[in-house]
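Down below is the structure, laid out as structure tokens.
Quantities reported herein were computed from a predicted structural model and do not represent experimental measurements. We use all heavy atoms of the structure for the numbers below, so side chains are in, but hydrogens, waters and symmetry mates are not. Numbers for residues simply follow the sequence, beginning at 1.
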Amino acid sequence: QVRLVESGGGSVNAGGSLRLSCVASPVIDSCMGWFLQAPGQQRDGVAAIYAGCGRTLYVASLKGRVTISQDNGKNTVYLEMNKLKHEDNGRYYCAAGTWQTWNIWSSSGPDSGTSFSTWGQGTQVTVSA
């Protein structure tokens with residue numbers, strides 16, 4: 001089973017940028033996703049990438065401000081976030097799934113991640129107004 005370790009979170013002013021990293025051991029799984037759990041809220045999908053071909057999916061509300069990418073040589077998936085807003089506050093989790101996970105997201109759109117099988121511990125992002 002893949003192990004995931006996130007990093008890159010921190011405190012940033014509104015309008016700033018962050019790049020989150022997720023290192024997968026031993027390798028990136030077929031479908032990798034990023035999720036946000038805001039304070040007092042349920043976990044929501046942000047973006048996913050199909051590792052085999054690099055295809056990406058984004059939640060509509062964040063499309064244009066976030067970019068998911070992968071570096072297979074480093075077994076790392078990134079989430080670049082720009083023009084951060086207060087509502088981007090929360091804990092960001094990386095998750096791994098299979099090709100079936102990708103198919104579910106492709107057909108139904110980003111969700112809370114019930115089809116992802118492995119999760120990291122998360123990294124905290126704080127955006128100050």
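- Considering OG1 of T126 and CG of N13, their distance stands at 11.5 Å, rounded to 0.5 Å.
- Between atom CD of residue E80 and atom CG of residue L18 there is a gap of 9.0 Å, rounded to the nearest 0.5 Å.
- Of the possible polar contacts, none joining the E6 side chain to the T123 backbone as a donor-acceptor pair under 3.5 Å is found.
- Taking both residues in full, the closest heavy atoms of V2 and A96 are given as CG1-CB, 3.6 Å, listed atom of the first, atom of the second, then distance.
- Both L20 and V127 are assigned to one and the same hydrophobic cluster, defined by single-linkage of ILVMFWY side chains at heavy-atom distances under 4.5 Å.
- Inter-residue side-chain proximity for M81 and V46 is flagged as unmet; no heavy-atom pair is nearer than 4.5 Å.
- Partners of Y50 according to the ring pair (Phe, Tyr, Trp, His ring centres under 6.0 Å) rule, which considers only residues two or more places apart in sequence or in another chain, are W102.
- Note that OG1 of T76 is 10.5 Å distant from CG of L4, once rounded to the nearest 0.5 Å.
- For the pair P110/D44, no side-chain contact is recorded, criterion being any heavy-atom separation below 4.5 Å from C-beta on.
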Cut-off 3.5 Å, no hydrogens considered: what does the side-chain donor-acceptor table look like for residues 23-40, sequence neighbours left out?
from, atom 1, to, atom 2, distance (Å)
Q37, NE2, Q41, O, 3.2

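- With hydrogens and angles left out, the side-chain atoms of N82 and S17 include a donor and acceptor closer than 3.5 Å.
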Requested in this report: Dump the intermediate steps for side-chain hydrogen bond (donor to acceptor under 3.5 Å, both in side chains) on Q100 and S115, then the final yes or no.
Outcome: CA-CA 8 Å; Q100 293 165 312; S115 60; over 6 Å; no
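- S7 contributes atom OG, which lies 13.5 Å from atom CD of Q121 (distance to the nearest 0.5 angstrom).
- Hydrophobic clustering of Ile, Leu, Val, Met, Phe, Trp and Tyr side chains at less than 4.5 Å, counting indirect connections, keeps L79 apart from Y93.
- Summarising the geometry, atom CG belonging to L84 is positioned 10.5 Å from atom OG belonging to S128; distances are rounded to the nearest 0.5 Å.
- A distance of 3.5 Å separates CH2 in W119 from CZ in R43, rounded to the nearest 0.5 Å.
- There is no path of hydrophobic side-chain contacts, each under 4.5 Å, that joins V59 to I104.
- For residues 53-88, no residue pair satisfies the ring pair (Phe, Tyr, Trp, His ring centres under 6.0 Å) rule, not counting sequence neighbours.
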